Amino acid sequence: MLKGLALTPPVIGRISIGRVVERNGKRLPEKDDEFTLTSQVQQRDGWIAHPLDEVLRRANAAAKLRSIPIRLLFDDPDLNLRASYSLFDRNTGRPICVGDGQSCRRSTSAGMQVLPCPSPEACEPSNSQCKPFGRLNVRVDTTTLDLERAEAKSTSKGDEDALGSFIFRTTGFNSIRTLATRLRYFHAVSGGRLSTMPLELRLRGKSTAQSHRAPIYYVDLAPRTGCALTETVAWALAEWDQRQASGFNQSALDEAARTGLAMGAFEESAEESQSVVEEFFPANHLDTDSTGNEHPTAQHTLADKLARKLT
């Protein structure tokens, strides 16, 4: 086994609520107000849509895709959502430092070091370029959609599998905090049966003073539409018992994932880090989250206020 290589959950596609566009010669994130499922293939015009994106849109009565039925891979909330403070080299795309607010792993000229992690605001080496960065792995569940199951399977072109997942990446504080909270709550009320709970990702909107009252979007986790929490828990317990009877060992799967993730210093590989930096860590004067929503920095906001007073 290769040393220093993080074994991450298998990924067959991406979930995003934004895109990267070319503007004034620069490739920058652009906000969106709906989910998009893409493959892992990127062309000049952007990521190619995953076949399940069309399946979900045809099953969705609304005009825009703002909810996705999902299942989680693991019972441990911290395995489903891995959040950390992350610093990337914006020139090479390589990760430099990853921490949790207490300690960090940092790549230095002397090699990999474990150092204190004060937080992005107090971290002098990061020069305010460190951000919260979250990765959520989910299975898209098409079995309950109002479609022929065979059609859904054929449309996915063999990409559906029990351990394959779609990854949602975000630097949005609202998404990270909301998802982390929901995962812990659902873990508690289900007695730790997160992997068998039928849930859905929902896109929610809010406005803040920082966004100048314009809507910003973040991702939430909830029971399926029309299903009460008590029904969701009952379903999770029943399916858990069926899995146990069939010999499915969820505890061993969680442990294997935990061990694999701990094998590497950084989760992102060198080949995928460049696209991560492009989408979530753009080199511009705006603090941009995973939705592409641009939040002006404090300096920019103050300038706007002064300009408004002069006019």
Side-chain angles (χ1 to χ4, degrees), residues 8-22 27 29-74 80-82 133-172 175 179 195 198-204 217-222 224-225 267-269 271-280 289-292:
T8 58
V11 173
I12 61 175
R14 301 165 60 257
I15 297 175
S16 66
I17 46 177
R19 62 180 66 86
V20 176
V21 297
E22 189 165 332
R27 290 178 60 80
E30 183 179 72
K31 65 183 179 180
D32 204 352
D33 59 352
E34 65 174 333
F35 289 115
T36 301
L37 274 67
T38 76
S39 67
Q40 297 190 88
V41 179
Q42 188 177 28
Q43 294 183 336
R44 187 177 183 85
D45 296 332
W47 296 93
I48 296 178
H50 192 278
L52 281 179
D53 186 77
E54 182 182 353
V55 172
L56 291 172
R57 292 181 187 280
R58 285 192 283 118
N60 188 15
K64 295 192 174 183
L65 185 59
R66 289 178 173 160
S67 65
I68 301 175
I70 61 99
R71 295 293 188 100
L72 297 166
L73 286 174
F74 311 111
N80 292 298
L81 175 68
R82 286 94 54 213
F133 186 35
R135 314 151 185 85
L136 176 72
N137 286 84
V138 300
R139 292 171 48 224
V140 176
D141 186 6
T142 60
T143 58
T144 58
L145 299 180
D146 188 19
L147 291 169
E148 291 292 335
R149 191 172 303 182
E151 179 187 6
K153 286 185 177 180
S154 63
T155 307
S156 65
K157 297 181 180 179
D159 277 342
E160 278 190 320
D161 64 77
L163 298 179
S165 67
F166 283 76
I167 188 168
F168 168 69
R169 294 186 176 99
T170 178
T171 55
S175 292
L179 290 170
S195 61
L199 301 170
E200 71 179 23
L201 291 180
R202 292 182 186 174
L203 193 61
R204 300 192 188 277
Y217 297 92
Y218 65 98
V219 176
D220 197 358
L221 190 64
R224 300 279 173 88
T225 300
E267 183 167 333
E268 274 68 37
S269 65
E271 65 179 10
E272 63 185 351
S273 293
Q274 191 63 55
S275 62
V276 169
V277 169
E278 181 182 71
E279 187 169 0
F280 301 104
D289 66 16
S290 69
T291 68

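None of the values given here were measured: they were computed from a predicted structure.
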Q: Looking at V219, is its backbone amide N or carbonyl O close enough to the side chain of S175 to form a donor-acceptor pair, meaning the two atoms are under 3.5 Å apart?
A: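 Present.
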Q: What is the minimum heavy-atom distance between L201 and I70, and which atoms define it?
A: N-CG1, 4.1 Å
Q: Taking it one step at a time, do F168 and I17 satisfy side-chain contact (heavy atoms from CB on, under 4.5 Å)?
A: CA-CA 9 Å; F168 168 69; I17 46 177; 4.2 Å; yes
Q: Donor-acceptor check, side chain of T171 to backbone of F133, threshold 3.5 angstrom: yes or no?
A: no
Q: Answer yes or no: is there a side-chain heavy-atom contact under 4.5 Å between R224 and D141?
A: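 R224 vs D141: side chains touch.
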Q: Can you see which heavy atom on G13 is nearest to which on V11, and at what distance?
A: O-CG1, 3.2 Å
Q: At what distance, to the nearest 0.5 angstrom, does CG of D220 lie from CG of L179?
A: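 D220 atom CG to L179 atom CG measures 7.0 Å (nearest 0.5 Å).
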Q: Distance check, rounded to the nearest 0.5 Å: I68 atom CD1 versus D53 atom CG?
A: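 One finds 8.0 Å between CD1 of I68 and CG of D53.
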Q: Minimum heavy-atom separation for E200 to T225, with atom names?
A: OE2-OG1, 2.8 Å
Q: Do side-chain atoms of R139 reach the backbone of L73 as a donor and acceptor pair under 3.5 angstrom?
A: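 Such a contact is absent between R139 side chain and L73 backbone.
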Q: N80 side chain to F74 main-chain N or O, any donor-acceptor pair under 3.5 Å?
A: yes
Q: How long is the gap from CZ on F35 to CG on L37, to the nearest 0.5 Å?
A: 9.0 Å
Q: Does a salt bridge link R57 with E34, judged by any charged N lying under 4.0 Å from a carboxylate O?
A: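 Salt bridge: yes.
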Q: Check P198 against R71 and note the closest heavy-atom contact, atom names and distance.
A: CA-NE, 3.6 Å
Q: Measuring from atom CD1 of I15 to atom OG1 of T170, what distance do you get when rounded to the nearest 0.5 angstrom?
A: 12.0 Å
Q: Locate the shortest heavy-atom distance separating R66 from D33; write the atom from each residue and the value.
A: NE-O, 2.8 Å
Q: Looking at S165 and P10, what are the two nearest heavy atoms and their distance?
A: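 For S165 versus P10, the nearest heavy atoms are OG-O, 2.7 Å.
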Q: Hey, mind stepping through L65 and T36 against side-chain contact (heavy atoms from CB on, under 4.5 Å) and telling me if it holds?
A: CA-CA 7 Å; L65 185 59; T36 301; over 6 Å; no
Q: Hey, does F166 have a side-chain heavy atom less than 4.5 Å from the side chain of L52?
A: yes
Q: Assess the residue pair R82 and N137 against the criterion (side-chain hydrogen bond (donor to acceptor under 3.5 Å, both in side chains)); give the C-alpha distance rounded to whole Å, side-chain angles, the decisive distance to 0.1 Å, and a yes or no.
A: CA-CA 9 Å; R82 286 94 54 213; N137 286 84; 2.8 Å; yes
Q: Run the side-chain contact (heavy atoms from CB on, under 4.5 Å) check on L221 and V138 step by step: do they pass?
A: CA-CA 11 Å; L221 190 64; V138 300; 5.9 Å; no
Q: Flag the pair P69 / L56 as yes when at least one side-chain heavy-atom distance between them is below 4.5 Å, and no otherwise.
A: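 Side-chain contact under 4.5 Å: yes.
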Q: If you apply the rule side-chain contact (heavy atoms from CB on, under 4.5 Å), what do you find for V55 with V140, and how did you get there?
A: CA-CA 11 Å; V55 172; V140 176; over 6 Å; no
Q: Let me confirm one number: the CZ-NE2 distance from R14 to H50, rounded to the nearest 0.5 Å.
A: 12.0 Å
